[in-house]
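What follows is a set of notes on a single structure, which appears directly below.
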Amino acid sequence: LELLIGRLDVDGKTMKGGLSFNGNKQAEEVHCWIQRAFPKNIPGDVNAQAPVSTAATVKAFKANPHLQEVMKNCLRYYLNFMGYNLIENDATITFEKRPDFYVRIQNIVDRPHNFSRISRVITSLDQHGLTRHSEAFKNLVTKALPQEHPECRKATTESIQYWRGS
């Protein structure tokens, strides 16, 4: 929680309301930010130092609209990294391709660790009470994204099966 509310930083970056890396290249190279922006209730597979959400953390997220908004801002940042914008209203959550979509999504396909990042985002959103966002994001990566990008479909067959089970 301390990081997400802006009291701590990771690699010189605070997460007050989201992230502000200097471009997508830096977000790609700094791996620990995703673990801090989207904590899970189990230790990370890659980084044993990744924060773990406790029952108290999850309860705080579910009860605090500000914390939920901070995590949504982190989701917006990650979607931007993938080449999408988040379009949200009371009834629906959708995604719009950005002008740099094909460049950004090729980055995702070319670097398989991004599939682990996607898994973390799906799980964390759901665990912290942002189930609608988790489901919408899961639909994006399991249905829309593979249809949009044939290479992504090939590269993510196993990941898609995993994400559908998340």
Side-chain angles (χ1 to χ4, degrees), residues 1-22 24 26-96 98 104 108 111 113-145 156 159-166:
L1 279 179
E2 295 293 311
L3 183 72
L4 287 171
I5 60 175
R7 291 193 188 137
L8 297 175
D9 74 3
V10 55
D11 298 330
K13 304 297 174 200
T14 62
M15 292 189 186
K16 291 180 183 174
L19 292 165
S20 59
F21 282 112
N22 185 16
N24 287 321
Q26 188 176 18
E28 177 62 50
E29 292 172 354
V30 177
H31 295 105
C32 60
W33 72 268
I34 196 85
Q35 297 162 343
R36 288 171 171 84
F38 299 99
K40 297 189 310 183
N41 64 0
I42 57 173
D45 298 337
V46 177
N47 179 2
Q49 306 303 316
V52 176
S53 286
T54 63
T57 305
V58 170
K59 185 177 178 180
F61 263 89
K62 290 180 176 180
N64 187 324
H66 173 71
L67 289 176
Q68 292 174 9
E69 194 58 38
V70 169
M71 189 170 275
K72 286 183 205 178
N73 285 340
C74 291
L75 175 61
R76 285 180 188 95
Y77 182 86
Y78 189 65
L79 286 164
N80 179 293
F81 176 76
M82 290 180 65
Y84 288 99
N85 288 322
L86 174 68
I87 310 298
E88 179 179 17
N89 62 44
D90 291 338
T92 62
I93 298 170
T94 59
F95 307 96
E96 171 184 82
R98 296 171 41 83
R104 297 306 320 139
I108 300 295
R111 293 169 179 83
H113 70 268
N114 284 308
F115 300 131
S116 295
R117 288 177 167 186
I118 289 169
S119 298
R120 173 174 284 278
V121 171
I122 292 169
T123 301
S124 181
L125 290 170
D126 188 53
Q127 289 177 352
H128 291 87
L130 295 171
T131 304
R132 285 181 51 227
H133 293 79
S134 175
E135 288 299 318
F137 185 62
K138 187 189 311 185
N139 283 333
L140 173 71
V141 299
T142 61
K143 295 176 184 169
L145 184 56
T156 63
S159 294
I160 288 170
Q161 291 171 351
Y162 178 79
W163 297 328
R164 285 185 179 143
S166 294

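By convention here, the first residue in the shown sequence is residue 1.
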Please confirm whether the backbone N or O of L86 pairs with a side-chain atom of R76, one donor and one acceptor, at under 3.5 Å? no

Apply the test side chain to side chain contact (heavy atoms under 4.5 Å, CB included) to residues H128 and K62: give CA-CA distance (whole Å), side-chain angles for both, the deciding distance (0.1 Å), then the verdict. CA-CA 6 Å; H128 291 87; K62 290 180 176 180; 6.0 Å; no

Quick one about S134 and T131 (side-chain donor to acceptor, distance below 3.5 Å, no hydrogens or angles considered), yes or no? no

With a 4.5 Å limit on heavy-atom distance, are the side chains of F38 and T123 in contact? no

Should T54 and T57 be marked as a side chain to side chain contact (heavy atoms under 4.5 Å, CB included) after you check the CA-CA gap, both sets of side-chain angles, and the distance that decides it? CA-CA 5 Å; T54 63; T57 305; 3.0 Å; yes

Please determine whether side chain to side chain contact (heavy atoms under 4.5 Å, CB included) holds for the pair I93 and I87, giving the CA-CA distance in whole Å, both sets of side-chain angles, and the decisive distance to 0.1 Å. CA-CA 6 Å; I93 298 170; I87 310 298; over 6 Å; no

Stepwise side chain to side chain contact (heavy atoms under 4.5 Å, CB included) check, R98 with M82: CA-CA 9 Å; R98 296 171 41 83; M82 290 180 65; over 6 Å; no

When you measure from the centre of the six-membered ring of F81, is the NZ or CZ of R104 closer than 6.0 Å and no more than 45° off the axis? yes

May I ask you to decide if F61's main-chain N or O and Q68's side chain share a donor-acceptor pair within less than 3.5 Å? yes

Would you please name every residue forming a ring-ring contact (aromatic ring centres under 6.0 Å, His included) with F95, sequence neighbours left out? none

Between S53 and N41, do the side chains contain a donor N or O and an acceptor N or O under 3.5 Å apart? no

At what distance, to the nearest 0.5 angstrom, does OH of Y84 lie from OH of Y78? 11.5 Å

Does a side-chain heavy-atom distance below 4.5 Å link V141 with I122? yes

What I want to find out is whether E135 reaches K138 closely enough, with some N-O distance under 4.0 Å, to be called a salt bridge. yes

